[in-house]
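Contents: one structure, followed by commentary.
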Amino acid sequence: MEIKFERYHLQSDLRSPLEGFEKISVPTEVRVDPLTKRRSRIITWGLPSPGKFDFSNMAEKSKGCLFCLENIFQKTPQFMKEIVPEGRVCIGRAVGFPNLNPVGSYGSVVVLCREHFLSLNQLTPEIYEEGLSVAIEIIRRTTAFDPDTRYWQISQNFLLPGGSTILHPHLQVIGDPIPTNEMEWLLDASSSYYQKNGTSYWNDLVQIEKELGKRYIARIGKVHWFVSFAPIGFNEVCASAEGHGSVATLGKEEIASLARGIASTLKYYDEKGLNSFNLSIYSISGEAHYQLLTRIISRTPFQPYYLNDWTSFEILHSELTSNIIPEELCREIQPYFA
Ligand SMILES: [Zn+2]
């Protein structure tokens, strides 16, 4: 097993006006992801929480959107008859249909619930169970029609800081015959690790994180939840589904485990005063050394004059930052998974 947790301590000395111009030292930690070797910065200072934002006015004004019940079956697109003859995929309250503005070969939207707006603590495991089941059904049916589409993402952008233009909770399901950059990095690094060590990186990682006990959150069925050593976003929580590379092979129990972990993470975010997030499930079939990864990060909370958390550092230097020490996040979030 060759998993290295590499880190560098940087320190900035200055004379602080907050301390009568006495010298203070501000530490920053640079961590290297053990798989991709990508560097992240763990910043130890944070901006004060702006407090909870009241969404009632915003929700009231935008009610009756395309995804609301009175419009969804009249105004959203339908799948090609060869893929979904009935036009849309519905399970429980979740409804899936093609995205009118796709960004690849197959782009779909899954509307998660009837409610036009839900806060993070109202997004329950049941909502995600139904939503993920619709997403997976779309992936299964599309792959049966076009087997070359091996690379899928089930993603969620929640609220404006997360990049969503529509308030109504929904998932994006995107499939292509070629991987995204992130997928290619994960696949290449997982293969190189296997070539060198003869074992799966993902199984080794779960084992070592369990032994260390600092970042391993919980096991829900066959899904392992943990905090990344080198996060690529704020409050990053990950899951690895044992024995699967693609969501297409997940059983009911595993879908329920994923849904539970997502809802637990969102409940924690809500209690921390956060309200916006991004989520992605990287689903790739036909790759022996890869294991299905889910990643959730929080975004700067929405509020009037809110701050975009992608600065020149992230967007022009590809140097990603986290504003919480991963081990601290693990300690804080663990009770939410109990
Ligand atoms: Zn709506």
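Computed from a predicted model, the values in this text were never measured in an experiment. Every number for a ligand or one of its atoms is a count from 1 in the order of the listing.
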Pairs flagged by salt bridge (Lys or Arg N to Asp or Glu O under 4.0 Å) wherever residues 248-264 is involved - sequence neighbours left out: none
Pair N197-T199, side-chain donor/acceptor within less than 3.5 Å: no
When the side chains of residues 135-145 are checked against the rest of the protein, which donor-acceptor pairs come out under 3.5 Å, sequence neighbours left out?
{"unit_1": "E137", "atom_1": "OE2", "unit_2": "R141", "atom_2": "NE", "d": "2.9"}
{"unit_1": "R140", "atom_1": "NE", "unit_2": "A248", "atom_2": "O", "d": "2.9"}
{"unit_1": "R140", "atom_1": "NH2", "unit_2": "A248", "atom_2": "O", "d": "3.0"}
{"unit_1": "R140", "atom_1": "NH2", "unit_2": "L250", "atom_2": "O", "d": "2.9"}
{"unit_1": "R141", "atom_1": "NH1", "unit_2": "E86", "atom_2": "OE1", "d": "3.2"}
{"unit_1": "R141", "atom_1": "NH1", "unit_2": "E86", "atom_2": "OE2", "d": "3.2"}
{"unit_1": "R141", "atom_1": "NH2", "unit_2": "E86", "atom_2": "OE2", "d": "2.9"}
{"unit_1": "T142", "atom_1": "OG1", "unit_2": "I138", "atom_2": "O", "d": "2.6"}
{"unit_1": "T143", "atom_1": "OG1", "unit_2": "I139", "atom_2": "O", "d": "2.5"}

Between S192 and Q195: side-chain donor-acceptor atoms closer than 3.5 Å: no
Between S246 and W152, a side-chain donor and acceptor under 3.5 Å: no
ILVMFWY cluster membership beyond L66 - transitive side-chain contacts under 4.5 angstrom: F67, L69, I72, F73, V95, F97, V109, V111, I166
Protein N/O/S count near the Zn ion (ligand 1) (criterion: distance under 2.8 Å): 4
